[in-house]
Number of protein chains: 2
Amino acid sequence: MDRRQLKTRKAIFKAFRNLLEKKRYDRITVQEIIDEADVGRSTFYSHFETKDLLLNAMCEDMFYHIFENDPCPYVGKDHDLEGELSHTLWHIRDSKTDLSGILLSDSGELFMQYFKEHLYTMFEHHIESFKTDVPKDFLLNHLVGSFAEMVKWWLKENMKTSPEATAKYFIELTKIN
Amino acid sequence: MDRRQLKTRKAIFKAFRNLLEKKRYDRITVQEIIDEADVGRSTFYSHFETKDLLLNAMCEDMFYHIFENDPCPYVGKDHDLEGELSHTLWHIRDSKTDLSGILLSDSGELFMQYFKEHLYTMFEHHIESFKTDVPKDFLLNHLVGSFAEMVKWWLKENMKTSPEATAKYFIELTKIN
DNA sequence: AATAAAATCAAACAAAGTGTTCGGTAACGA
DNA sequence: TCGTTACCGAACACTTTGTTTGATTTTATT
């Protein structure tokens, strides 16, 4: 990939992130992004057709590393749920881009939706092992929703508790078998 | 209040609701609302300064009846949590305006935020009676988040289960003491 | 029924944002 | 070095916004 492309792409992402911490997504104009990123108007549109696609690209960028299936450097094995949750929290904490700034911003719910989509596929792999009477889709919704809320709370509290303890917390509070 | 005012206000609300079921909040223009409601441009702005304030007014209108502290016609006493949750679900089901259309729309998260605000104050009254080690604010987040997700799921499934059974479901799945 | 008050309307407006196109300039990779 | 590619800035037609104007109903009251 051309260095120039990467440079503009990063500049736009950074500008977008800066703006998102200051104001709501739907109040941010392309004009402002252009000014903040200091790129030409036509350049922006050659990279991203719309503001929505920019958001989309940025979310993929942000959440890719968090949910990638890599050998976990912190937790030995992540085949059990609790281990995988810790793993995920580790990645969130170590994420290079400031996730808390964005997830806790006025447009946080927007990113939460992307976040939840990833969580769905993650929890889906464990859903079979749970013994409960509630329907599967409800249970999934419940797990994803409460875990996402927990992450938000965790970030808001500056991640005082360790990923392991936090994951254990979550398991503890939810009757999943 | 003047009949004309009420008529315009209702027309705008209805137009807004119709549009919200078709497209996202931030893609809806004031122009479209005006056209759909068939009111003059200046009339709209004499009622609502901005689109955000219109949303705000409509949410208050929608959630007022759901969370008002009335003598419950369905559940005898609503001093216990489960009874209050049933009560809330009853109101949601009987709500005149189609809540599910809006809460499940593309802009559902927007309304969920308002919804959650009400839930917070509701759960706060019960929080003292819970015996658990997790911090109070985390527990609140957890309850509000998972209950809100449950309502969304419930609406999506066309409210097949009864309010009472659904509330019991929720209590059942959450370790709150 | 008459009247004063108030809400509505259409039209017009400047200002700001959108998305596209253009040719010129500069940076890249080979 | 040289062809390719990405960037820039300027201009464009177009839409949306929020405000103002003055004429036209509709309302509540007497």
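Below, all heavy atoms of this structure are taken into account, side chains as well, without hydrogens, waters or symmetry copies.
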message: What is the distance, to the nearest angstrom, from the CD1 atom on B:I34 to the P atom on D:dT15?
response: 16 Å
Interatomic distance, A:L53 CG vs C:dG19 P [rounded to whole Å]: 11 Å
query: Hey, does the side chain of B:S42 come within less than 4.0 Å of C:dC9's phosphate (OP1/OP2), counting only N and O?
result: no
- request: Using the closest heavy atom to pick a nucleotide of DNA chain D for each, name whichever of B:T50 or A:D38 lands nearer the 5' end.
  value: A:D38
message: A:E32 and side chain to side chain contact (heavy atoms under 4.5 Å, CB included): which single residue from A:K23, A:R27, A:K22 fits?
response: A:K23
field: Whole angstrom value for the distance that separates P of C:dG19 from CG of A:L54
entry: 12 Å
field: Rounded distance (Å) that lies between atom P of C:dG29 and atom NZ of A:K7
entry: 12 Å
- request: Provide, to the nearest angstrom, the distance between the CD atom belonging to A:Q31 and the C1' atom belonging to D:dA10.
  value: 13 Å
field: N or O in side chain of A:T8 less than 4.0 angstrom from D:dC7 OP1/OP2
entry: yes
query: Closer than 4.0 Å, any side-chain N/O of A:Y45 to the OP1 or OP2 of C:dT20?
result: no
statement: Heavy-atom nearest nucleotide on DNA chain C taken for B:R41 and for B:L6; more 5' hit belongs to B:L6
query: Out of D:dG18, C:dT8, C:dT18, which nucleotide sits closest to the side chain of B:H47?
result: C:dT8
Rounded interatomic separation in angstrom, taking CZ from B:F44 and C1' from D:dT20: 17 Å
- prompt: Roughly how many Å is it from CG in B:D26 to P in D:dT17, rounded to a whole number?
  reply: 12 Å
- request: Look at B:Q5 and C:dA7 and indicate whether a side-chain polar atom (N or O) is within less than 4.0 Å of OP1 or OP2.
  value: yes
message: Do the side chains of B:E36 and B:K14 get close enough for a salt bridge, i.e. N-O under 4.0 angstrom?
response: no
query: Between C:dC9, D:dT16, D:dA6, which nucleotide has the shortest distance from any of its atoms to the side chain of A:R4?
result: D:dA6
- request: Grab the CD1-C1' distance between A:I28 and C:dA16 for me, whole Å please.
  value: 17 Å
message: Using OP1 and OP2 only, check whether a side-chain N or O of A:R3 sits under 4.0 Å from C:dG29.
response: yes
message: Under 4.0 Å from OP1 or OP2 of C:dA7: is there any side-chain N or O of B:T43 that close?
response: no
field: Side chain of A:V30 (C-beta onward), nearest among C:dA12, D:dT27, C:dG19
entry: C:dG19
field: A:E149 bridged to B:K116 by N-O distance under 4.0 Å
entry: yes
task: May I ask you to check whether over 12 heavy atoms, not counting those of A:K168, lie within 6.0 Å of atom NZ?
output: no
Geometric cation-pi criterion, B:K51 with B:Y25: 6.0 Å, 45°: yes
